[in-house]
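Encoded as C-alpha coordinates, the structure appears first; notes follow it.
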There are 2 protein chains.
Amino acid sequence: MDSTVKVITSPVCNVTCFEQEKVARIKSELAKEEHLLPQLAELYKVLGNVTRLKILLALAQGELCVCDVAHVLGLTVAATSHQLKLLRDQGWLAMRNDGKMVYYRLRAEGLLTALKGEMRLLEERLG
Amino acid sequence: MDSTVKVITSPVCNVTCFEQEKVARIKSELAKEEHLLPQLAELYKVLGNVTRLKILLALAQGELCVCDVAHVLGLTVAATSHQLKLLRDQGWLAMRNDGKMVYYRLRAEGLLTALKGEMRLLEERLG
DNA sequence: CTTTCATTTAGACGATTGCGCAAACGATAA
DNA sequence: TTATCGTTTGCGCAATCGTCTAAATGAAAG
(Lines give C-alpha, C1' and ligand atoms only; values in the text may rest on other atoms or scores of the structure.)
Protein backbone atom coordinates (compact mmCIF):
# COMPACT_ATOMS: atom_id res chain seq x y z
CA MET A 1 0.00 0.00 0.00
CA ASP A 2 1.30 3.47 -0.87
CA SER A 3 0.77 6.77 0.85
CA THR A 4 -2.35 7.72 -1.14
CA VAL A 5 -4.34 4.75 0.02
CA LYS A 6 -5.95 3.52 3.23
CA VAL A 7 -5.74 6.84 5.03
CA ILE A 8 -9.27 6.99 6.29
CA THR A 9 -10.88 10.11 7.60
CA SER A 10 -14.50 9.16 8.30
CA PRO A 11 -17.24 8.02 8.31
CA VAL A 12 -16.62 5.66 5.39
CA CYS A 13 -14.70 3.09 7.37
CA ASN A 14 -12.56 0.22 6.21
CA VAL A 15 -12.72 1.41 2.63
CA THR A 16 -9.72 2.27 0.53
CA CYS A 17 -9.35 5.90 -0.45
CA PHE A 18 -7.43 6.59 -3.65
CA GLU A 19 -6.22 10.08 -4.46
CA GLN A 20 -6.50 11.14 -0.88
CA GLU A 21 -5.38 14.73 -1.37
CA LYS A 22 -7.76 15.21 -4.29
CA VAL A 23 -10.63 13.95 -2.16
CA ALA A 24 -9.61 16.28 0.64
CA ARG A 25 -9.47 19.24 -1.72
CA ILE A 26 -12.91 18.48 -3.15
CA LYS A 27 -14.35 18.05 0.33
CA SER A 28 -13.08 21.45 1.38
CA GLU A 29 -14.44 22.98 -1.82
CA LEU A 30 -17.83 21.45 -1.13
CA ALA A 31 -17.74 22.56 2.49
CA LYS A 32 -17.72 26.20 1.35
CA GLU A 33 -21.13 25.93 -0.25
CA GLU A 34 -22.57 23.03 1.64
CA HIS A 35 -24.90 25.32 3.57
CA LEU A 36 -26.53 26.36 0.30
CA LEU A 37 -27.21 22.85 -0.94
CA PRO A 38 -30.25 22.07 1.25
CA GLN A 39 -32.02 25.19 0.03
CA LEU A 40 -31.03 24.42 -3.54
CA ALA A 41 -32.34 20.88 -3.17
CA GLU A 42 -35.63 22.16 -1.71
CA LEU A 43 -35.96 24.49 -4.65
CA TYR A 44 -35.64 21.59 -7.08
CA LYS A 45 -37.74 19.26 -4.95
CA VAL A 46 -40.72 21.56 -5.23
CA LEU A 47 -40.43 21.43 -9.02
CA GLY A 48 -39.97 17.65 -9.06
CA ASN A 49 -43.69 16.87 -8.90
CA VAL A 50 -46.20 16.83 -11.72
CA THR A 51 -49.03 18.23 -9.60
CA ARG A 52 -47.00 21.26 -8.60
CA LEU A 53 -45.74 21.83 -12.12
CA LYS A 54 -49.35 21.81 -13.29
CA ILE A 55 -50.25 24.37 -10.65
CA LEU A 56 -47.45 26.65 -11.79
CA LEU A 57 -48.43 26.30 -15.43
CA ALA A 58 -52.10 26.84 -14.66
CA LEU A 59 -51.49 29.95 -12.58
CA ALA A 60 -49.19 31.27 -15.29
CA GLN A 61 -52.43 32.08 -17.12
CA GLY A 62 -53.86 34.12 -14.28
CA GLU A 63 -55.03 33.81 -10.70
CA LEU A 64 -57.46 31.08 -9.68
CA CYS A 65 -59.43 30.17 -6.57
CA VAL A 66 -58.54 26.95 -4.77
CA CYS A 67 -61.51 24.90 -5.97
CA ASP A 68 -60.90 25.86 -9.59
CA VAL A 69 -57.27 24.79 -9.28
CA ALA A 70 -58.62 21.55 -7.84
CA HIS A 71 -60.79 21.06 -10.92
CA VAL A 72 -57.86 21.74 -13.22
CA LEU A 73 -55.80 19.17 -11.35
CA GLY A 74 -58.55 16.63 -10.88
CA LEU A 75 -57.70 16.38 -7.18
CA THR A 76 -59.60 17.04 -3.97
CA VAL A 77 -59.67 20.57 -2.67
CA ALA A 78 -57.76 19.45 0.42
CA ALA A 79 -54.89 17.98 -1.57
CA THR A 80 -54.84 21.07 -3.78
CA SER A 81 -54.76 23.39 -0.79
CA HIS A 82 -51.88 21.42 0.65
CA GLN A 83 -49.75 21.81 -2.46
CA LEU A 84 -50.69 25.46 -2.81
CA LYS A 85 -49.55 26.10 0.73
CA LEU A 86 -46.28 24.31 0.01
CA LEU A 87 -45.62 26.47 -3.03
CA ARG A 88 -46.66 29.59 -1.15
CA ASP A 89 -44.42 28.80 1.80
CA GLN A 90 -41.47 28.60 -0.55
CA GLY A 91 -42.31 31.92 -2.14
CA TRP A 92 -43.47 30.71 -5.53
CA LEU A 93 -47.08 31.78 -5.05
CA ALA A 94 -48.96 34.66 -3.50
CA MET A 95 -52.52 34.56 -2.25
CA ARG A 96 -55.35 37.08 -2.08
CA ASN A 97 -58.35 36.85 0.18
CA ASP A 98 -61.77 37.87 -1.16
CA GLY A 99 -64.61 36.99 1.15
CA LYS A 100 -64.73 33.25 1.51
CA MET A 101 -62.65 32.79 -1.59
CA VAL A 102 -58.86 32.58 -1.73
CA TYR A 103 -57.14 33.37 -4.99
CA TYR A 104 -53.63 32.18 -5.74
CA ARG A 105 -51.28 33.67 -8.29
CA LEU A 106 -47.69 33.25 -9.43
CA ARG A 107 -44.88 35.31 -8.05
CA ALA A 108 -42.98 34.95 -11.30
CA GLU A 109 -40.19 37.31 -10.39
CA GLY A 110 -39.03 35.14 -7.54
CA LEU A 111 -39.47 32.02 -9.60
CA LEU A 112 -37.45 33.36 -12.47
CA THR A 113 -34.70 34.89 -10.37
CA ALA A 114 -34.38 31.66 -8.41
CA LEU A 115 -34.12 29.59 -11.57
CA LYS A 116 -31.65 31.98 -13.09
CA GLY A 117 -29.63 31.95 -9.89
CA GLU A 118 -29.35 28.18 -9.95
CA MET A 119 -28.53 28.30 -13.62
CA ARG A 120 -25.70 30.71 -13.00
CA LEU A 121 -24.43 28.71 -10.05
CA LEU A 122 -24.29 25.51 -12.03
CA GLU A 123 -22.90 27.19 -15.13
CA GLU A 124 -20.01 28.55 -13.11
CA ARG A 125 -19.12 25.12 -11.81
CA LEU A 126 -19.70 23.15 -14.98
CA GLY A 127 -18.00 25.46 -17.43
CA MET B 1 -76.71 29.18 -8.65
CA ASP B 2 -75.71 30.61 -12.02
CA SER B 3 -74.44 28.89 -15.14
CA THR B 4 -70.77 29.10 -14.19
CA VAL B 5 -71.16 27.06 -11.05
CA LYS B 6 -71.83 23.44 -10.10
CA VAL B 7 -71.13 22.01 -13.53
CA ILE B 8 -68.89 19.19 -12.49
CA THR B 9 -66.63 17.29 -14.85
CA SER B 10 -64.66 14.86 -12.65
CA PRO B 11 -63.16 13.48 -10.40
CA VAL B 12 -63.49 16.39 -8.01
CA CYS B 13 -67.00 15.59 -6.96
CA ASN B 14 -69.53 17.65 -5.07
CA VAL B 15 -67.32 20.70 -5.27
CA THR B 16 -68.37 24.00 -6.77
CA CYS B 17 -66.53 25.06 -9.90
CA PHE B 18 -66.32 28.81 -10.54
CA GLU B 19 -65.24 30.15 -13.90
CA GLN B 20 -66.03 26.91 -15.60
CA GLU B 21 -64.98 27.93 -19.10
CA LYS B 22 -61.68 29.32 -17.81
CA VAL B 23 -60.97 26.06 -16.04
CA ALA B 24 -61.82 24.14 -19.21
CA ARG B 25 -59.51 26.31 -21.28
CA ILE B 26 -56.63 25.88 -18.84
CA LYS B 27 -57.19 22.14 -18.73
CA SER B 28 -56.98 21.89 -22.51
CA GLU B 29 -53.85 24.05 -22.49
CA LEU B 30 -52.27 21.77 -19.92
CA ALA B 31 -53.30 18.67 -21.83
CA LYS B 32 -51.12 19.73 -24.74
CA GLU B 33 -47.94 19.48 -22.72
CA GLU B 34 -49.01 17.07 -20.04
CA HIS B 35 -46.95 14.28 -21.57
CA LEU B 36 -43.80 16.34 -21.00
CA LEU B 37 -44.44 17.02 -17.34
CA PRO B 38 -43.42 13.62 -15.94
CA GLN B 39 -40.03 13.85 -17.62
CA LEU B 40 -39.66 17.43 -16.47
CA ALA B 41 -40.51 16.42 -12.93
CA GLU B 42 -38.01 13.54 -13.04
CA LEU B 43 -35.38 15.96 -14.21
CA TYR B 44 -35.98 18.19 -11.21
CA LYS B 45 -36.43 15.30 -8.81
CA VAL B 46 -32.91 14.10 -9.45
CA LEU B 47 -31.59 17.54 -8.53
CA GLY B 48 -33.75 17.75 -5.42
CA ASN B 49 -31.38 15.81 -3.20
CA VAL B 50 -28.29 17.08 -1.41
CA THR B 51 -26.31 13.89 -1.95
CA ARG B 52 -26.80 14.01 -5.70
CA LEU B 53 -26.04 17.73 -5.86
CA LYS B 54 -22.80 17.01 -4.01
CA ILE B 55 -21.94 14.30 -6.51
CA LEU B 56 -22.50 16.66 -9.41
CA LEU B 57 -20.44 19.39 -7.81
CA ALA B 58 -17.65 16.97 -6.90
CA LEU B 59 -17.45 15.50 -10.39
CA ALA B 60 -17.45 18.99 -11.85
CA GLN B 61 -13.81 19.06 -10.73
CA GLY B 62 -12.91 15.90 -12.63
CA GLU B 63 -13.61 12.18 -12.74
CA LEU B 64 -13.50 10.09 -9.56
CA CYS B 65 -13.73 6.41 -8.70
CA VAL B 66 -16.72 5.22 -6.68
CA CYS B 67 -14.95 4.84 -3.38
CA ASP B 68 -13.44 8.32 -3.59
CA VAL B 69 -16.88 9.77 -4.25
CA ALA B 70 -18.04 7.82 -1.19
CA HIS B 71 -15.35 9.49 0.89
CA VAL B 72 -16.32 12.91 -0.40
CA LEU B 73 -19.94 12.22 0.53
CA GLY B 74 -19.26 10.45 3.80
CA LEU B 75 -21.55 7.60 2.75
CA THR B 76 -21.10 3.90 2.20
CA VAL B 77 -19.84 2.73 -1.17
CA ALA B 78 -23.12 0.93 -1.74
CA ALA B 79 -25.23 4.04 -1.22
CA THR B 80 -22.83 6.03 -3.37
CA SER B 81 -22.98 3.46 -6.16
CA HIS B 82 -26.76 3.55 -6.00
CA GLN B 83 -26.92 7.31 -6.48
CA LEU B 84 -24.27 7.24 -9.20
CA LYS B 85 -26.30 4.67 -11.11
CA LEU B 86 -29.40 6.83 -10.75
CA LEU B 87 -27.60 9.86 -12.16
CA ARG B 88 -26.04 7.77 -14.91
CA ASP B 89 -29.39 6.24 -15.89
CA GLN B 90 -30.78 9.73 -16.37
CA GLY B 91 -27.86 10.75 -18.53
CA TRP B 92 -26.17 13.15 -16.17
CA LEU B 93 -23.04 11.01 -15.69
CA ALA B 94 -20.84 8.79 -17.79
CA MET B 95 -18.66 5.98 -16.50
CA ARG B 96 -15.33 4.50 -17.56
CA ASN B 97 -14.05 1.06 -16.63
CA ASP B 98 -10.38 0.62 -15.73
CA GLY B 99 -9.59 -2.80 -14.33
CA LYS B 100 -11.46 -3.22 -11.10
CA MET B 101 -12.02 0.50 -10.84
CA VAL B 102 -14.96 2.44 -12.21
CA TYR B 103 -14.56 6.14 -12.85
CA TYR B 104 -17.53 8.48 -13.12
CA ARG B 105 -17.54 11.86 -14.80
CA LEU B 106 -20.03 14.59 -15.67
CA ARG B 107 -21.76 14.77 -19.00
CA ALA B 108 -22.06 18.51 -18.65
CA GLU B 109 -23.43 19.13 -22.11
CA GLY B 110 -26.56 17.15 -21.40
CA LEU B 111 -26.86 18.72 -17.98
CA LEU B 112 -26.58 22.24 -19.28
CA THR B 113 -28.81 21.77 -22.30
CA ALA B 114 -31.45 20.16 -20.09
CA LEU B 115 -31.33 23.01 -17.61
CA LYS B 116 -31.43 25.60 -20.36
CA GLY B 117 -34.34 23.80 -21.98
CA GLU B 118 -36.35 23.92 -18.79
CA MET B 119 -35.38 27.53 -18.32
CA ARG B 120 -36.64 28.41 -21.77
CA LEU B 121 -39.83 26.46 -21.27
CA LEU B 122 -40.66 28.19 -18.04
CA GLU B 123 -39.59 31.60 -19.29
CA GLU B 124 -41.99 31.29 -22.18
CA ARG B 125 -44.90 30.55 -19.90
CA LEU B 126 -44.05 32.95 -17.11
CA GLY B 127 -43.11 35.95 -19.19
C1' DC C 1 -7.64 -22.77 -10.75
C1' DT C 2 -8.20 -19.58 -6.13
C1' DT C 3 -7.83 -15.30 -3.86
C1' DT C 4 -8.44 -10.45 -3.61
C1' DC C 5 -10.85 -6.37 -3.90
C1' DA C 6 -13.67 -2.47 -6.18
C1' DT C 7 -18.16 -2.28 -7.44
C1' DT C 8 -22.93 -3.65 -7.92
C1' DT C 9 -27.11 -5.80 -6.45
C1' DA C 10 -30.56 -7.58 -3.09
C1' DG C 11 -33.15 -7.08 0.98
C1' DA C 12 -34.62 -4.56 4.89
C1' DC C 13 -35.96 -0.60 7.35
C1' DG C 14 -36.93 4.11 8.89
C1' DA C 15 -38.15 8.62 6.86
C1' DT C 16 -40.62 11.20 3.63
C1' DT C 17 -44.18 12.14 0.24
C1' DG C 18 -48.82 12.72 -1.81
C1' DC C 19 -53.24 11.84 -1.38
C1' DG C 20 -58.12 11.30 0.71
C1' DC C 21 -61.26 11.76 4.54
C1' DA C 22 -63.12 14.31 8.14
C1' DA C 23 -63.00 17.95 11.41
C1' DA C 24 -61.88 22.76 12.24
C1' DC C 25 -61.56 27.42 10.71
C1' DG C 26 -63.21 31.89 8.96
C1' DA C 27 -66.05 34.88 6.50
C1' DT C 28 -70.67 35.84 4.72
C1' DA C 29 -75.68 35.81 5.00
C1' DA C 30 -80.04 35.29 7.34
C1' DT D 1 -76.98 34.38 17.12
C1' DT D 2 -76.99 30.20 13.61
C1' DA D 3 -76.33 28.30 9.02
C1' DT D 4 -73.66 28.03 4.92
C1' DC D 5 -69.69 27.24 2.35
C1' DG D 6 -64.77 27.79 0.62
C1' DT D 7 -60.63 26.80 2.58
C1' DT D 8 -57.30 24.88 5.80
C1' DT D 9 -55.60 21.50 9.06
C1' DG D 10 -54.93 16.92 11.29
C1' DC D 11 -54.66 12.18 10.77
C1' DG D 12 -53.86 7.91 8.37
C1' DC D 13 -52.36 5.12 4.68
C1' DA D 14 -49.93 3.43 0.67
C1' DA D 15 -46.01 4.31 -2.11
C1' DT D 16 -41.50 6.01 -2.73
C1' DC D 17 -36.89 7.32 -1.13
C1' DG D 18 -32.23 7.05 0.97
C1' DT D 19 -29.53 4.54 3.56
C1' DC D 20 -27.63 0.43 5.65
C1' DT D 21 -25.74 -4.61 5.75
C1' DA D 22 -24.67 -8.62 3.37
C1' DA D 23 -24.24 -11.28 -0.66
C1' DA D 24 -23.10 -11.45 -5.61
C1' DT D 25 -20.33 -9.83 -9.73
C1' DG D 26 -16.34 -9.20 -12.24
C1' DA D 27 -11.62 -8.27 -13.18
C1' DA D 28 -6.75 -8.82 -11.94
C1' DA D 29 -3.06 -11.22 -9.46
C1' DG D 30 -0.90 -15.27 -7.51
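Everything numeric in this text was worked out from a predicted model, so none of it was measured. What's counted below: heavy atoms across the whole structure, side chains too, no hydrogens, waters or symmetry copies. Order of the sequence lines fixes the chain letters, A, B, ..., with proteins taken first and strands second; residue numbering starts at 1 for each chain.
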Item to check | Distance in angstrom units between A:L84 CG and D:dT9 P, rounded | outcome: 11 Å
Item to check | side chain to side chain contact (heavy atoms under 4.5 Å, CB included) partners of B:Q39, counting only residues at least two apart | outcome: B:L36
Item to check | Separation of atom CG in B:D89 from atom P in C:dT8, rounded to whole Å | outcome: 11 Å
Next on the checklist: Whole angstroms only, please: what is the NZ-C1' distance between B:K85 and C:dT9?
Outcome noted: 10 Å
Checklist entry - Please give, in whole Å, the distance from C:dT17 P to A:Q90 CD? => result 10 Å
Item to check | Whole-Å distance separating the CD atom of A:E63 from the C1' atom of D:dT7 | outcome: 16 Å
Next on the checklist: From CZ of A:R96 over to P of D:dG6, roughly how many Å is that when rounded to an integer?
Outcome noted: 16 Å
Checklist entry - Considering residues at least two apart in sequence or located in another chain, which fulfil the salt bridge (charged side-chain N to carboxylate O under 4.0 Å, His left out) criterion with A:K85? => result A:D89
Checklist entry - Should B:V72 and B:T80 count as side-chain neighbours, where that means a heavy-atom distance under 4.5 Å? => result no
Expected list for residues 94-106 of chain A: side-chain donor-acceptor pairs under 3.5 angstrom, two or more places apart:
residue	atom	partner	partner atom	Å
A:R96	NE	A:E63	OE1	3.3
A:R96	NE	A:E63	OE2	3.4
A:R96	NH2	A:E63	OE2	2.5

Checklist entry - What nucleic acid atoms does B:Y104 come within less than 4.0 Å of, heavy atoms only: base, sugar-phosphate, or nothing? => result sugar-phosphate
Checklist entry - With the sugar-phosphate defined as primed atoms, P, OP1 and OP2, and the base as all remaining atoms, what B/S/- string results for nucleotides 25-30 of chain C, 5' to 3', for protein heavy atoms under 4.0 Å? => result --BS--
Next on the checklist: Rounded to the nearest 0.5 Å, what separates atom CG in A:D68 from atom CG in A:L73?
Outcome noted: 11.0 Å
Checklist outcome for this item: Hits for side chain to side chain contact (heavy atoms under 4.5 Å, CB included) against B:S81, two or more places apart or cross-chain, chain-then-number order -> B:V66
For nucleotides 17-24 of chain D, give me every protein contact, N/O to N/O, under 3.5 Å, one pair per line with atom names.
residue	atom	partner	partner atom	Å
D:dG18	OP1	B:N49	ND2	2.9
D:dG18	OP1	B:R52	NH2	3.2
D:dG18	OP2	B:R52	NH1	3.2
D:dT19	OP1	B:T51	OG1	2.9
D:dT19	OP2	B:Q83	NE2	3.0
D:dC20	OP2	B:T76	N	3.2
D:dC20	OP2	B:T76	OG1	2.7

Next on the checklist: Nearest whole Å is fine: how far is D:dT7 C1' from A:D68 CG?
Outcome noted: 13 Å
Next on the checklist: Does B:L57 form a side-chain contact (heavy atoms from CB on, under 4.5 Å) with A:E33? I'd like the steps, not just the answer.
Outcome noted: CA-CA 10 Å; B:L57 295 178; A:E33 44 199 352; 4.2 Å; yes
Checklist entry - Quick one: are B:L93 and B:I55 in side-chain contact, heavy atoms under 4.5 Å? => result yes
Next on the checklist: Tell me the closest heavy-atom pair linking A:N49 and B:A41, and the distance in Å.
Outcome noted: N-CB, 3.7 Å
Checklist entry - Tell me: CG of A:L47 to P of C:dT17, nearest whole Å? => result 15 Å
